[in-house]
Amino acid sequence: MNIRVRFAPSPTGFLHIGGVRTALFNYLFARHNNGTFILRIEDTDEERSTAASVKAIFDGMEWTKLNWDEGPMRDGSELGPHKPYLQSARADAGIYKKYIDQLLAEGKAYKCYCTQEELESARQEAIAKKLPPRYSGKCKHLTDAQRAEFEARGRRPAVRFNMPKEGHAGWNDLIRGEVTFASKDLYDLVIQKTSGYPTYNFACVIDDHMMEISHVIRGDDHISNTPAQIQIYRALGWTPPEFAHLSMIHGPDGTKLSKRHGATSVIEYEKQGYLSAAVVNYLALLGWSTPDSQQLFAPGELERKFDIKGCQKSPAIFDPAKLEWMNGEYIRMTPVAKLTDLAMPFIKEAGINIGGADRARLEGIISLEHEKYKRLTEVPGLIKFFFSDVEFDAAAVEKVFKKPEAKSILEGMAEVYSNIASFTEAELERAARGYAELKNLKTGQIFHPVRVAVSGRTHGPTLFKMLEYMGRDTVVKRLKEAVKLAA
RNA sequence: GUCCCGUUCGUCUAGCGGUCCAGGACAUCGCCCUCUCAAGGCGGAGAUCACGGGUUCAAAUCCCGUACGGGACGCCA
């Protein structure tokens, strides 16, 4: 059996983290099973679909490297044998119309002339009577004469699916097991809008069938759509694909993840300094796990180990703290050269002028705090003092420079370092220790004021390496200036 | 209101009838390492497995209820 799965977003906003998670699970399922991963754009909502949202989908998919084998591409071309992959284009090509007409001819669908207002008031009435707010089926038995009358009055009909009222529609969900709905709880849903466009539940079935989708992996908010879709497959004489319904991602307050919870667009995570591999790794663990609860995955490992059996039925709460930890892990695993490339936009964004710093020195400086970065946005703040004047932390100045011996130590060290033969880590440390011994001071009494003098802070990278990268002129100059701040 | 789905440490999860007075990870706390901060190492605390009934020699694991949460009931997807 050919494994073919799809991610079918609707372009009505940015690509949010939940969408990426769905795309990721489809992608992993395809890659693990040597199948095909398809991207299909479900833009049948003429009012809300936008080109900007289509672009946002490309941006997000590309950033997370969820490469698709078939579907629309950014340049307007399309990959794969089932084009077009945009539902609007498919609608324009008459693909859905053909099946609508077929169902109509077979009596498996009928025209409905109700207006939105009529439907809405019927809905309100049902809710008031505590009945299911569901379409009654009133247009099902319209006579030809009645239809002709509506048409004569200029009413455009929608087409409704004539839902079978007997029996059941169920499936063996790959994640949840047997799920069954009684047909009587289903209703005659609209499959073609007045505009002539298909609705989601219809277009989805036609496309999944035509594109030979073998497994539909989607969020569990679609569970109640599934029985209706199964009935449509049956009406068309088709075999439904396998279904797997993923649990949702919730925010810290336990409700479905949304704008209220801060960053929800994937690209927002890029802007906040997360590495896409870390976001992907974290997302994979929301609602999925290996039998041994593995946390970190090497490149290609998720693809190898993904098993839909490891999917969770219950919703997962998005935990920013864990994502941040994971991002730190990924940053630590990133070679400095690559890290420097990734950090560059953030450094520029922060307005730091790295001037004539050569690449090797820049990488050296960035590597000083390699294990400390949790997000790329932290890089500029931690390297800034190498490239611009020291900004003193008031508490640091108070704590370190106000010690009685501080002033003479700074003067002494400025002297030592201006005369040192070789301005290298080892020599700098040796000289500092030598000075401590000479003055009968503890090494900490030297190290701390020097650190604050050159960086403005009490904490930072390993001291002598930092001084080496800073260079003699800057170090001596800063030590001398710091003397003025000392008591 | 009706239908569907779910419920293991604060969070993500392991667990598929005995090896579980429940394992791992994040967060948290402590110790070690150490020129600071991190990182790393070690350790602690943290879950009456939502609740109540069954079934069984034995249940987090199977069955039935209840509660709570979520989803759907759109000419949105």
Side-chain angles (χ1 to χ4, degrees), chain A residues 8-12 42-45 47-49 87 112 114-116 119-120 123 126-135 156-160 173 176 179-182 184-187 189-195 197-201 203-204 218-228 245 247-248 250 252 254-256 282 285-296 310 312-326 328-329 332 369-374 382 396 400 429 432-433 442-444 446-448 450-452 455 457-464:
Chain A
S10 64
T12 54
E42 308 217 324
D43 56 347
T44 53
D45 184 334
E47 282 169 22
R48 292 192 294 166
S49 297
Q87 288 188 329
C112 171
C114 297
T115 62
Q116 303 268 31
L119 293 170
E120 185 53 31
R123 225 186 327 269
I127 289 169
K129 287 182 187 164
K130 302 217 183 290
L131 291 167
R134 192 179 288 155
Y135 180 68
R156 304 297 310 151
V159 177
R160 285 183 183 272
D173 196 282
R176 281 147 218 278
V179 181
T180 309
F181 286 74
K184 65 176 174 57
D185 293 319
L186 272 21
Y187 73 107
L189 69 164
V190 169
I191 53 178
Q192 184 182 79
K193 307 175 200 177
T194 317
S195 67
Y197 257 46
T199 57
Y200 160 74
N201 279 116
C204 181
R218 68 206 339 180
D220 72 10
D221 47 344
H222 284 288
I223 286 183
S224 50
N225 287 322
T226 307
H245 289 93
S247 57
M248 301 272 86
H250 286 184
T255 65
K256 205 157 101 176
Y282 178 70
L285 256 25
L286 277 187
W288 176 77
S289 61
T290 58
D292 62 349
S293 286
Q294 181 176 345
Q295 301 294 309
L296 268 6
Q312 198 75 8
K313 297 188 188 80
S314 49
I317 293 174
F318 189 91
D319 180 11
K322 185 161 182 179
L323 203 214
E324 200 157 90
W325 161 76
M326 194 167 273
E329 290 287 328
R332 265 166 252 136
E369 302 268 46
H370 199 154
E371 68 288 341
K372 201 176 290 176
Y373 311 120
K374 281 195 162 66
L382 291 175
V400 180
E429 177 161 4
R433 288 185 188 280
K442 280 184 278 189
T443 53
I446 309 284
F447 299 171
H448 296 314
V450 170
R451 174 184 298 286
V452 175
S455 72
R457 300 192 285 248
T458 53
H459 53 257
T462 179
L463 183 60
F464 304 103

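These numbers were taken from a predicted model, which means no experiment stands behind them. Order of the sequence lines fixes the chain letters, A, B, ..., with proteins taken first and strands second; residue numbering starts at 1 for each chain.
Residue-level contact check: A:Cys204 touches neither bases nor backbone, having no heavy atom under 4.0 Å from any strand. Residue A:Ala321 is classed as a sugar-phosphate contact, given heavy-atom separations below 4.0 Å to backbone atoms only. Note on A:His245: nothing from the nucleic acid sits closer than 4.0 angstrom, heavy atoms only. Within the 4.0 angstrom heavy-atom criterion, only backbone atoms of the sugar-phosphate kind lie near A:Glu329; the bases stay farther away. Nucleic acid contact class of A:Arg48 (heavy atoms, under 4.0 Å, all strands): base. Within the 4.0 angstrom heavy-atom criterion, only backbone atoms of the sugar-phosphate kind lie near A:Gly287; the bases stay farther away. Nucleic acid contact class of A:Ile446 (heavy atoms, under 4.0 Å, all strands): none. No engagement by A:Pro252 is indicated, since no non-hydrogen atom pair under 4.0 Å with the nucleic acid exists. Residue contacts shown for A:Thr44 are limited to sugar-phosphate atoms, with no base heavy atom under 4.0 Å away. Within the nucleic acid shown, A:Gly460 comes within 4.0 Å of at least one base atom, counting heavy atoms only. Using a 4.0 Å heavy-atom distance criterion, A:Gln295 is classed as a base contact.
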Check against side chain to side chain contact (heavy atoms under 4.5 Å, CB included), A:Leu382 and A:Arg457:
CA-CA 10 Å; A:Leu382 291 175; A:Arg457 300 192 285 248; 4.2 Å; yes
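Rounded to the nearest Å, the gap between the C1' atom of B:U19 and that of B:C3 is 42 Å. The separation of B:G40 from B:U66, taken at their C1' atoms, amounts to 49 Å, rounded to a whole angstrom. Using atom P as the reference point in both B:G30 and B:C64, the two lie 48 Å apart (nearest Å). Only the P atoms considered, B:G24 is 16 Å distant from B:C9, to the nearest whole Å. When the P atom is compared between B:G52 and B:U13, the two are found 25 Å apart, to the nearest whole Å. Distance check on atom C1': B:A25 versus B:A47 gives 15 Å, rounded to whole Å. Look at the C1' atom in both B:G10 and B:U56: the space between them is 35 Å, to the nearest Å.
A 3.5 Å limit on both hydrogen-bonding distances identifies B:U66 as the Watson-Crick or G-U partner of B:A50. B:C42 is paired with B:G30 under the criterion used here, namely a Watson-Crick or G-U wobble arrangement in which both key atom distances are under 3.5 Å. Of all nucleotides present, only B:A25 satisfies the Watson-Crick or G-U wobble test against B:U11, with each distance under 3.5 Å. Checking B:G1 for Watson-Crick or G-U wobble geometry (two distances, each under 3.5 Å) identifies B:C73 as its partner.
Between the side chain of A:Asn225 and the base of B:A77, at least one donor-acceptor pair of N or O atoms lies under 3.5 Å. Judged by atom type and distance alone, A:Ser293 reaches the base of B:G23 through a side-chain donor-acceptor pair under 3.5 Å. For A:Thr199 against B:C75, no side-chain N or O and base N or O form a donor-acceptor pair under 3.5 Å.
Looking only at distances, a side-chain donor or acceptor of A:Lys193 sits under 3.5 Å from a matching main-chain atom of A:Thr44. The closest donor-acceptor contact from the side chain of A:Asp221 to the backbone of A:Met248 lies at 3.5 Å or more, if one exists at all. Side chain of A:Tyr282 to main chain of A:Asp319: a donor-acceptor pair is present (N/O by atom type, distance under 3.5 Å, no hydrogens or angles). For the pair A:Arg451 (side chain) and A:Pro461 (backbone), a donor-acceptor distance under 3.5 Å is present.
With A:Tyr200 as the fixed residue, the side chain to side chain donor-acceptor pair (under 3.5 Å) test singles out one of A:His222, A:Gln87, A:Glu42: A:His222.
Taking OG1 from A:Thr199 and CZ from A:Arg160, the interatomic distance works out to 10.0 Å, rounded to the nearest 0.5 Å. The distance from the OG atom of A:Ser455 to the CG atom of A:Leu463 is 8.5 Å, given to the nearest 0.5 Å.
Contact annotation: A:Lys193 reaches the phosphate of B:C76 (side-chain N/O to OP1 or OP2, under 4.0 Å). Under 4.0 angstrom from either OP1 or OP2 of B:C37 there lies no side-chain N or O belonging to A:Arg457. Phosphate proximity of B:C75 to A:Ser195: absent, as no side-chain N or O sits under 4.0 Å from OP1 or OP2.
Comparing atom distances between the A:Tyr187 side chain and each of B:A77, B:U36, B:G74 picks out B:G74 as nearest. When the nucleotides B:C75, B:G70, B:C35 are ranked by their closest atom to the side chain of A:Arg433, B:C35 comes out on top. Each of B:A77, B:C35, B:C37 was ranked by its minimum atom distance to the side chain of A:Ser10; first place goes to B:A77.
One can place CE of A:Met248 at 14 Å from P of B:G70, the figure rounded to the nearest angstrom. Look at CD on A:Glu47: it is 17 Å from P on B:G74, rounded to the nearest Å.
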If the sugar-phosphate is the primed atoms plus P, OP1 and OP2 and the base is the rest, what is the B/S/- string for nucleotides 1-11 of chain B, using protein heavy atoms under 4.0 Å?
B-SSSSS---S
